[in-house]
Amino acid sequence: MKLLVYGAGVCGTLIAARMHEAGHDVSLLARGERLTALRQRGVLLAEEGDPTVRRIPVPVVEEPDGAYDLIAVIVRTHQVDEVLESLAGVRGDVLFMLNWAAGPAPLGAVIGYERVLLGFPAAGGTMDGDVVRYRKANAVTRRVAMPVGEPDGRGTPRLERIVDAFRAAGINAKAEPRMDAWLRTHAAFEVPLGQAVHTAGGPAALAESPDAVRAMLHLMRQNLAALRTPPVPRAFAALRVLPTVLLVAVLRRFLKSPTAVHSGLSNRSPATTAELDRLSEQLRSPAGADGPDAPGPAAGGAPPGDQGAERRAERQQFL
């Protein structure tokens with residue numbers, strides 16, 4: 001498979017490295033300081049808590065070139081418009097693996113609907129300088145598969161090929177027939193979570209305030225109630241029906257866990273704020289809720305932080 005991974009943050013770097021090691025023709029696209037670092041030192045990986053750093057010789061590019069069997073776009077929500085413009089003339093199917101609650105229509109309108117696939121990366125970790133420190137696998141993370149699907153939910157030969165290629169590279173992928181609903185459900189949960197963590201100063205700090213966790217849960221419930229389809233996975237419906245006291249306890253325990261602390265939740269950059277802002281807008285739109293009169297406050301409101309110069313500068317810094 002000739003693969004372009006568009007976005008060289010934690011998830012993009014990990015997927016590019018694993019696909020490269022599996023023998024695929026992989027290029028990793030980066031910009032700005034990340035591009036400079038990759039050209040100087042290459043892709044650097046280390047398992048969480050392990051001092052050993054591995055260098056993976058993944059080719060790095062600044063712009064897409066020619067044609068690919070698959071282009072995996074792994075960037076932040078607010079960077080998608082810029083990515084779409086750069087891919088309009090590049091041949092190949094495009095798998096958007098990111099936070100997205102606006103549906104496939106705005107993606108297909110630019111690059112062609114027939115090229116679009118949807119997904120979400122399951123890998124986790126943090127950036128330690130130029131080194132990607134990926135999360136150790138455990139009994140829970142091994143059961144979490146990376147969902148990939150066609151916008152209309154069909155099972156197709158290309159979807160089967162993509163899932164098989166990821167699995168052969170050691171990436172636990174699965175075909176998800178309700179990928180659009182999956183992404184909207186995730187955004188309904190992610191926006192209040194991310195905004196609350198940002199306001200508190202980190203996941204562990206948020207866990208210390210039961211009232212803040214309770215307010216976050218309230219917004220999650222509003223978002224889920226406003227979705228035009230049932231939650232996917234269905235387990236998210238538990239956030240609407242289980243007792244508040246139980247859910248607050250579970251959420252506080254999660255926020256204190258290494259999984260939460262050593263994840264993107266601890267990233268307090270302007271890019272994180274800009275992404276939450278865009279996701280919040282998508283959730284309030286008719287595409288993300290049940291019609292044009294869906295409750296506006298459910299998304300959690302605009303996140304704190306700069307909405308101007310810092311946001312524009314961060315457009316060049318991929319996940």
Side-chain angles (χ1 to χ4, degrees), residues 9-11 14 46-50 76-78 98-99 101 120-129 131-138 140-141 144 185-224 235-236 238-240 242-281 283 297-308 310-311 313-314 317 319:
V10 171
C11 295
L14 285 172
E47 189 176 66
E48 213 171 69
D50 189 334
R76 293 187 181 275
T77 313
H78 63 287
L98 41 80
N99 281 310
F120 193 85
T126 56
M127 294 296 301
D128 180 9
V131 179
V132 172
R133 295 200 172 273
Y134 55 92
R135 191 166 54 214
K136 291 181 180 180
N138 55 46
V140 175
T141 58
V144 178
T185 302
H186 184 269
F189 176 84
E190 175 69 17
V191 170
L193 174 62
Q195 292 178 350
V197 167
H198 184 99
T199 300
L206 175 60
E208 296 304 315
S209 173
D211 288 343
V213 174
R214 193 175 296 107
M216 176 186 74
L217 175 61
H218 177 70
L219 290 174
M220 289 175 179
R221 285 172 162 170
Q222 283 189 313
N223 284 353
L224 292 171
F236 274 95
L239 292 175
R240 297 179 59 187
L242 290 179
T244 297
V245 64
L246 173 62
L247 290 172
V248 168
V250 170
L251 287 168
R252 292 182 69 199
R253 182 175 180 180
F254 162 72
L255 290 163
K256 295 176 183 177
S257 70
T259 299
V261 174
H262 300 295
S263 73
L265 285 173
S266 295
N267 185 341
R268 300 182 63 193
S269 71
T272 300
T273 299
E275 177 171 52
L276 291 171
D277 182 31
R278 184 66 180 274
L279 271 177
S280 181
E281 292 170 1
L283 282 172
D306 183 281
Q307 302 299 311
E310 285 185 327
R311 177 173 174 176
E314 287 295 329
Q317 300 299 319
L319 257 172

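Every value quoted in this text rests on a predicted model; they were computed, and no experiment measured them.
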> side-chain contact (heavy atoms from CB on, under 4.5 Å) between Leu98 and Arg76: does it pass, once the steps are laid out?
Replying inline: CA-CA 7 Å; Leu98 41 80; Arg76 293 187 181 275; over 6 Å; no
Heavy atoms only: give me the nearest [X]-[Y] pair and the separation to one decimal.
X	Y	result
Pro210	Val248	O-CG1, 4.2 Å
Val131	Ala46	CG1-CB, 3.9 Å
Leu276	Val191	CD2-CA, 4.1 Å
Ala101	Leu279	N-CD2, 4.1 Å
Ala207	Leu255	CB-CB, 3.8 Å
Ala200	Ala205	O-CB, 3.5 Å

Quick one: pull up [atom1] in [X] and [atom2] in [Y] and give me the separation to the nearest 0.5 Å.
X	Y	atom1	atom2	result
Leu193	Leu206	CG	CG	7.5 Å
His78	Asn99	NE2	CG	11.5 Å
Thr272	Gln195	OG1	CD	12.0 Å
Glu47	Tyr134	CD	OH	5.0 Å

With sequence neighbours left out, write down each residue that passes side chain to side chain contact (heavy atoms under 4.5 Å, CB included) with [X], or none if nothing qualifies.
X	value
Arg240	Leu224, Ala225
Glu208	Lys256
Ala260	Pro203, Phe254, Ser257, Leu265

> Of all residues at least two apart in sequence or in a different chain, which pass the side-chain hydrogen bond (donor to acceptor under 3.5 Å, both in side chains) check with Thr244?
Replying inline: Arg221
Please tabulate, one pair per line, all N/O donor-acceptor pairs under 3.5 Å involving side-chain atoms of residues 211-220, not counting sequence neighbours.
residue: Asp211; atom: OD1; partner: Arg214; partner atom: NH1; Å: 2.7

> Arg133: what forms a salt bridge (charged side-chain N to carboxylate O under 4.0 Å, His left out) with it, not counting sequence neighbours?
Replying inline: Asp128
>> In terms of relative ring orientation, are Phe120 and His186 parallel, tilted or perpendicular, with 30° and 60° separating the classes?
In response: tilted
